[in-house]
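Everything numeric in this text was worked out from a predicted model, so none of it was measured.
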Amino acid sequence: MNGLDPQAYLADVFDRIHDHKINRLDELLPWNWSPIATITAEAA
């Protein structure tokens, strides 16, 4: 529905959620999510 690969999305969210700030959980919702590789590339 959001044009995501469900397996990649869930794997990434499960990997990141344990140390993600609680006030920024909305970043992990499907319509706001971007893979960690995209975030890292933008920061460089």
Side-chain angles (χ1 to χ4, degrees):
M1 192 167 182
N2 290 304
L4 302 176
D5 174 17
Q7 186 174 4
Y9 167 72
L10 288 173
D12 185 58
V13 169
F14 289 151
D15 187 47
R16 292 168 44 183
I17 199 165
H18 71 279
D19 63 349
H20 205 78
K21 294 186 186 258
I22 196 163
N23 62 341
R24 294 176 53 193
L25 286 178
D26 62 320
E27 296 173 358
L28 299 180
L29 295 173
W31 45 89
N32 294 333
W33 176 78
S34 61
I36 196 80
T38 305
I39 294 169
T40 305
E42 290 175 358

Between NE2 on residue H20 and CG on residue D26, distance to nearest 0.5 Å: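 Between atom NE2 of H20 and atom CG of D26 there are 7.5 Å.
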CD1 of I17 to CG of D12: how many Å apart, nearest 0.5 Å?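 The CD1 atom of I17 sits 10.5 Å away from the CG atom of D12.
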So L10 and V13, do their side chains get closer than 4.5 Å, heavy atoms only?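 Side chain of V13 against side chain of L10, heavy atoms only: no contact under 4.5 Å found.
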Out of F14, W33, W31, which one pairs with Y9 under the ring pair (Phe, Tyr, Trp, His ring centres under 6.0 Å) rule? W33
